[in-house]
Amino acid sequence: MRMKFPKRYVIVVLTFICTCVCYIERVGFSIAYTVAADAAGVSQSTKGTILSTFYYGYACSQVPGGWAAQRIGGRRVLLLSFVLWSLTCALVPLDPNQVMMLVLARFLVGVAQGFIFPSIHTVLAQWVPPHERSRSVSLTMSGMYLGAAAGMLFLPSLVKFKGPQSVFLAEAALGAAWSLIWFKCASDQPRLDHPKAATAGFGESLLPIKGNMQKMKVENGGSSGHASIIPWKRILLSLPVWAIVVNNFTFHYALYVLMNWLPTYFEQGLQLSLQDMGSSKMMPYLNMFIFSNIGGVVADHLITRRILSVTRTRKFLNTIGFIVASLALMILPMFRTSGGAVFCSSVALGFLALGRAGFAVNHMDVAPRYVGILMGISNTAGTLAGIVGVGLTGQLLEAAKTTHSDLSSPESWKPVFFIPGILCIFSSFVFLLFSTGERIFD
C-alpha cells in the first residue's frame, strides 16, 4: 500500500523554496550592484540609497499583503507576487548610472515581495496544526538563510564570468520556475466539513466558511458578518503584539545590515575578495539555516513534552538567541581576519535565527485567525528597520571614509555593528516583559 505524502508537507516545502528564492534575489542584487557600482565609482551613500529603496516598497505592501491574503487567500497572492518581481528582474537593466530606473525597479520588487511573507503565514496557519507550527515556520523561514548562503556561494562567480546583469536573469528564471510549480501543486485548504480535512492536518481556517456560519452566529451572539471583522484597535494596543513588533524590527535591522553590507565589509573593511573567500562567505547564512531549524525542533519538543509552557518556550529561545547575537555583533569589528569575521557573523546570524522560534512563531500563538494581518504589521516594522539600517549604514560609512580616508579601520565599522547589538539586548528585555504564548485574539 503506497503511503500518501500529506498535503500540508507539500505546502511547507514549497513555502521553504519560496523564501529561499526570495533571498537569492536579495543577496544577488546586493552582490551584483556592489560590483557594478564600485566599477562605476558610485559613492557609499548612493549605494545605501539604492540598496534601501527595496525596503520602501516592501514597507508599503506589508499590511495590504496581510489584508489581501486574509480576503482572497494566501495562495493566489503569493503567486501574483512572485510573477511581478520575476518580471521586473527580467526586464530591468543593471546600470548604476541610471539611478532613477534602479530606484523604481527596486521599489517595485520590494512592493511585490512585501506580499509574500504575510501570505506565507496565512497559508501556514490554515494548513499546519498547532503542535507542528514551530518547526514548520522555522523550516519555511530557514529557506531565507539557505537562499542567502547559496547566493553568497554561487553568485559572485556568476558575476565574475557572466557579468552583473546575468544575476538578474538567473533570479527571474528561478522565480518563474517556482511560480509554475506553485500554480500546479498548491491548493487552498480543505473545508472544515470536507472528509479529507482531518487527514490533511490543516491548522485553522482564517476565512469565514459557509458551513460554520450558523455556529459562529450562535457562539458570538450576533450575525455571522461580524466573524470576519478585524479587531484593529485591540491589535494595535496589545503589548504582546508590540513585543513581537519590536523584536521583528531588531531582527531585520541586524539581518539587513549584514546582508547588504557584509560584502562591502569583506572587500573594503578586510581587503578580501569575495571570489577568493570560497565557501567560507556563505557560512553566516548556512548557520542561520541550521539554527533556525534547531530552534523550531527544540521549541516543539519543549511544548509537546510539556517541559515548558508555550510562553516560557518562546521567551527562553528568544532571549538566548538575541543576547548571544548581540555579543557576537559587538565584537565583530575586533576580528581582522577572514576566519574571525566569518565566525562572529555566523554566530550572530545563527543565534538571531534561533530567536525566531521565539518572536516569529508567536504571531500564530496570539492570533492564529489574524496571523496575516499581524505578520503584515510586524513585517512593516522589520522593513522600516531595513530602510533605517541600510541607509544609516551607508551614511556612517561615508562619514567614516571621510575621517579615516578608507574603510579598512576597525573604528569605521564599530558603529555599524554596535547599533544592532544594543538593539538586540533591548528587544530581548521587551519580549521577556510583555510577550505571551496564549491566544489573545479569537
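Ring centers of F29 and F54: at least 6.0 Å apart, outside the cut-off. Note: F351 and F291 meet the aromatic proximity criterion, with ring centroids under 6.0 Å apart. Proximity of the aromatic rings of F343 and F335 is defined here by a centroid distance below 6.0 angstrom, and this criterion is not met.
Using bins of under 30°, 30° to 60° and over 60° for the plane-to-plane angle, the ring pair Y253/F249 lands in the tilted bin. Relative ring orientation between H363 and H121 is described as perpendicular, the plane-to-plane angle rising above 60° on a 0-90° scale split at 30° and 60°. Under the 30°/60° scheme for interplanar angles, the aromatic rings of F117 and Y58 are found to stand perpendicular.
Inter-residue side-chain proximity for L255 and L352 is flagged as unmet; no heavy-atom pair is nearer than 4.5 Å. Considering only heavy atoms from C-beta on, I181 comes within 4.5 Å of L14 through its side chain. The shortest distance between side-chain heavy atoms of I50 and Y33 falls below 4.5 Å. For the pair Q62/I377, no side-chain contact is recorded, criterion being any heavy-atom separation below 4.5 Å from C-beta on. Residues E25 and Q113 meet the side-chain proximity criterion, which asks for heavy atoms closer than 4.5 Å. With a 4.5 Å cut-off on side-chain heavy atoms, N379 and N248 count as touching. Side-chain contact between M144 and C20 is absent, with no heavy-atom pair separated by less than 4.5 Å. At least one side-chain heavy atom of L397 sits less than 4.5 Å from a side-chain heavy atom of W261.
In this structure a side-chain-to-backbone donor-acceptor pair under 3.5 Å is present from S428 to I425. The closest donor-acceptor contact from the side chain of S435 to the backbone of L432 lies at 3.5 Å or more, if one exists at all. With hydrogens and angles disregarded, no donor-acceptor distance shorter than 3.5 Å links the side chain of S292 to the backbone of F289. In this structure, the side chain of S326 engages the main chain of I323 through a donor-acceptor pair within 3.5 Å. A donor-acceptor pair under 3.5 Å is formed between the side chain of T88 and the backbone N or O of L84. In terms of modelled atom types and a separation under 3.5 Å, the side chain of N362 and the main chain of G358 share no donor-acceptor contact. Distance alone, capped at 3.5 Å, is enough to place a donor-acceptor pair between the S345 side chain and the V342 backbone. Panel note: side chain S238, backbone R234; no donor-acceptor pair is recorded below 3.5 Å. Using a distance-only test at 3.5 Å, with no hydrogens or angles considered, no donor-acceptor pair links the side chain of T311 to the main chain of T436.
In summary, R314 and D365 engage in a salt bridge, as defined by a charged side-chain N under 4.0 Å from a carboxylate O.
T383 and H252 are not linked by any side-chain donor-acceptor pair at a separation below 3.5 angstrom, with hydrogens and angles left out of the test. Side-chain contact check for N293 and S138: no donor-acceptor pair (N or O, by modelled atom type) lies under 3.5 Å. In the model, R106 has no side-chain atom that pairs as donor or acceptor with a side-chain atom of Y56 under 3.5 Å. For the residue pair N287 / S346, no side-chain donor-acceptor distance below 3.5 Å is found, with atom types taken as modelled. Remark: the T140 side chain and the T15 side chain contain an N/O donor-acceptor pair separated by less than 3.5 Å.
Across all their heavy atoms, V21 and G175 have their closest contact at CG1-N, 4.1 Å. Minimum interatomic distance between N318 and G355 (heavy atoms only, all atoms of both residues): OD1-O, 3.3 Å. Scanning both residues, V27 and G151, for their nearest heavy atoms gives CG1-C, 4.1 Å. When all heavy atoms are compared, the tightest approach of F417 to L329 is CB-O, 3.2 Å. The minimum heavy-atom distance between A341 and L270, with the atom names listed, is CB-CD1, 3.5 Å. When all heavy atoms of K47 and A37 are compared, the pair lying nearest together is CG-CB, 4.0 Å.
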(request) Apply the test side chain to side chain contact (heavy atoms under 4.5 Å, CB included) to residues L108 and W85: give CA-CA distance (whole Å), side-chain angles for both, the deciding distance (0.1 Å), then the verdict. (result) CA-CA 7 Å; L108 286 176; W85 77 252; over 6 Å; no
(request) Quick one: do I244 and V366 satisfy side chain to side chain contact (heavy atoms under 4.5 Å, CB included)? Show the steps, please. (result) CA-CA 10 Å; I244 296 172; V366 301; 4.2 Å; yes
(request) Evaluate the ring pair (Phe, Tyr, Trp, His ring centres under 6.0 Å) criterion for residues F251 and F359: first the C-alpha distance (whole Å), next the side-chain angles of each, then the deciding distance (0.1 Å), finally the verdict. (result) CA-CA 10 Å; F251 174 87; F359 80 89; 5.7 Å; yes
(message) Could you walk me through whether V137 and I120 satisfy the side chain to side chain contact (heavy atoms under 4.5 Å, CB included) test, starting with their C-alpha distance in whole Å, then the side-chain angles of each, then the deciding distance to 0.1 Å, before giving a yes or no?
(response) CA-CA 9 Å; V137 172; I120 285 176; over 6 Å; no
(request) Under the side chain to side chain contact (heavy atoms under 4.5 Å, CB included) rule, what do L349 and Y285 come out as? Steps first, then yes or no, please. (result) CA-CA 7 Å; L349 290 178; Y285 303 110; 4.0 Å; yes
(request) Apply the test ring pair (Phe, Tyr, Trp, His ring centres under 6.0 Å) to residues F82 and W182: give CA-CA distance (whole Å), side-chain angles for both, the deciding distance (0.1 Å), then the verdict. (result) CA-CA 10 Å; F82 245 77; W182 182 255; 8.9 Å; no
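With values rounded to the nearest 0.5 angstrom, S119 atom OG is found 10.5 Å from M375 atom CE. Rounding to the nearest 0.5 Å places CZ of R356 at 7.5 Å from CE of M288. Once rounded to the nearest 0.5 Å, the distance linking CH2 of W178 with CG of L180 reads 10.5 Å. Atom OG of S136 is separated from atom CZ of F16 by 13.0 Å, given to the nearest 0.5 angstrom. To the nearest 0.5 Å, atoms CZ (F426) and CG (N247) are separated by 9.5 Å. In this structure, CZ on R26 lies 11.5 Å from CD on E171, to the nearest 0.5 angstrom.
Under the side-chain contact (heavy atoms from CB on, under 4.5 Å) test applied with L354, the options I320, V298, I290 reduce to a single match, I320.
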